[in-house]
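These numbers come from a predicted model, not from an experiment.
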Amino acid sequence: MAQKILVVEDEMSIMTLLQFNLEQAGYEVVTAEDGAEALQKIEVEKPNCIILDLMLPEMDGLEVCKEMRSRHIYTPVLMLTAKDDEFDKVLGLELGADDYMTKPFSPREVVARVKAILRRIKQMEGMKGAPEEAERIQVGELDVYPNNYEAYFKGELMEVTPKEFELLVYLVRHKGRVLTREQLLSAVWNYDFVGDTRIVDVHVSHLREKIEENTRKPEYIKTIRGLGYKLEGPSS
Ligand code: CA
């Protein structure tokens, strides 16, 4: 069965271009032209991945994303932004998209990103194994079960997006080691090309909000100045 992609875009030329290229790549494409229609399609069509334009009439991409997360829908989102300063705005607001692309983009690159996102999701699902295979990684009050796609903090199930989870798994698996942004980008985002490492910073800050008492003085995910990040237990 073909994977379903929801494209949310109010500019018809871009919509047509994306739809054509995604269908050529073998995906089923569903479309929406505004935020309200997008939310309705997300509920009804249950897409595997969403390509979401930031600038939409009335409800913008940001609000769509927030509303989705508040409904506990964690479908991966590839956010489209018009220019670099818009990209900065999105990063500043930390809305929980899994990936970002700045217009103008090549349709081939969009398809490549969608493929990377879906490949990672499939790998994650493939790892959901039998109970005896359940791997548990414990760091401080953090309990991560990579195979079950579950993480607990202080005994409570964490609500994380697929990318946040993958990043968390990578960090706990490499506990105590300094990881560069480039390393994290290549391992977690699976890019075959050089991407924007600010995506890593945004996801780290999302995770910190969920596990740090004081995000300015993080006890788990430490910033190693000039290098990257390191995950440690709170007492170490
Ligand atoms: Ca637009």
Looking only at atom types and distance, does a side-chain atom of Arg113 sit under 3.5 Å from a main-chain N or O of Tyr100, one as donor and one as acceptor? yes
When rounded to the nearest 0.5 angstrom, what is the spacing between SG in Cys65 and CE in Met59? 10.5 Å
Test item: Asp60 side-chain N/O and Glu63 main-chain N/O as donor-acceptor pair under 3.5 Å: yes
Show me the donor-acceptor pairs, under 3.5 Å and distance only, between side chains in residues 137-144 and residues at least two apart or in other chains.
unit_1 : atom_1 : unit_2 : atom_2 : d
Asp143 : OD1    : Arg136 : NE     : 2.7
Asp143 : OD1    : Arg136 : NH2    : 3.1
Asp143 : OD2    : Arg136 : NH2    : 3.1

Only counting residues at least two apart or in another chain, list the ones meeting ring pair (Phe, Tyr, Trp, His ring centres under 6.0 Å) with Tyr27. none
Does any N or O in the side chain of Glu212 come within less than 3.5 Å of the main-chain N or O of Glu219, such that one atom is a donor and the other an acceptor? yes
May I ask you to decide if Ile73's main-chain N or O and Arg69's side chain share a donor-acceptor pair within less than 3.5 Å? yes
Val77 versus Met68: any side-chain heavy-atom pair under 4.5 Å? yes
Under the side-chain hydrogen bond (donor to acceptor under 3.5 Å, both in side chains) rule, what pairs show up with a residue in residues 4-21, not counting sequence neighbours? Lys4-Glu45, Glu9-Lys103, Gln19-Glu23
At what distance, to the nearest 0.5 angstrom, does CD1 of Ile221 lie from CG of Leu168? 6.5 Å
Say whether Leu17 and Leu56 are linked into one hydrophobic cluster, either directly or through other cluster members, by side-chain heavy-atom distances under 4.5 angstrom. no
Run His203 and Trp189 through side-chain contact (heavy atoms from CB on, under 4.5 Å) and show every step you take. CA-CA 11 Å; His203 282 74; Trp189 277 263; 3.5 Å; yes
Sub-4.5 Å side-chain heavy-atom contact between Tyr170 and Glu166: no
side-chain contact (heavy atoms from CB on, under 4.5 Å) between Phe105 and Leu18: does it pass, once the steps are laid out? CA-CA 10 Å; Phe105 46 73; Leu18 287 175; 3.8 Å; yes
Under 3.5 Å donor-acceptor, Asn148 side chain and Glu150 backbone: no
For Tyr220, check ring pair (Phe, Tyr, Trp, His ring centres under 6.0 Å) against everything at least two apart and list the hits. Phe153
Starting from Val44 and following side-chain heavy-atom contacts under 4.5 Å between hydrophobic residues (I, L, V, M, F, W, Y), which residues can be reached? none
Beyond-backbone contact of Leu179 with Lys230, side-chain heavy atoms, under 4.5 angstrom: no
Report yes if the side chains of Thr31 and Leu6 come closer than 4.5 Å at any heavy-atom pair, otherwise no. no
Would you say Ile50 and Val8 make side-chain contact, with heavy atoms under 4.5 Å? yes
Going by heavy atoms in the side chains, are Pro234 and Glu213 under 4.5 Å from each other? no
List the steps, then state whether salt bridge (charged side-chain N to carboxylate O under 4.0 Å, His left out) holds for Glu164 with Lys210. CA-CA 10 Å; Glu164 285 166 21; Lys210 292 167 191 185; 2.5 Å; yes
Would you say Glu58 and Asp34 make side-chain contact, with heavy atoms under 4.5 Å? no
I'd like to know whether Leu207 forms a side-chain contact (heavy atoms from CB on, under 4.5 Å) with Val160, so could you lay out the CA-CA distance, the side-chain angles of the two residues, the decisive distance to 0.1 Å, and finally the verdict. CA-CA 8 Å; Leu207 283 177; Val160 285; 4.2 Å; yes
Spell out, as yes or no, whether a donor-acceptor pair under 3.5 Å connects the side chain of Glu37 to the backbone of Glu33. yes
Thinking salt bridges, do Glu232 and Arg177 make one under a 4.0 Å N-O criterion? no
With clusters built from Ile, Leu, Val, Met, Phe, Trp and Tyr whose side-chain heavy atoms come within less than 4.5 Å, directly or transitively, what are the remaining members of the cluster of Tyr152, listed by chain and number? Tyr145, Leu157
Taking Arg71 first and then Glu43, would you say they form a salt bridge - that is, a charged N and a carboxylate O separated by under 4.0 Å? yes
Are any of the side-chain heavy atoms of Asp99 and Lys163 separated by less than 4.5 Å? no
Backbone N or O of Asp201 within a donor-acceptor pair of the Arg181 side chain at under 3.5 Å? no
For the CG atom of Leu62 and the NZ atom of Lys66, what is their distance to the nearest 0.5 Å? 5.0 Å
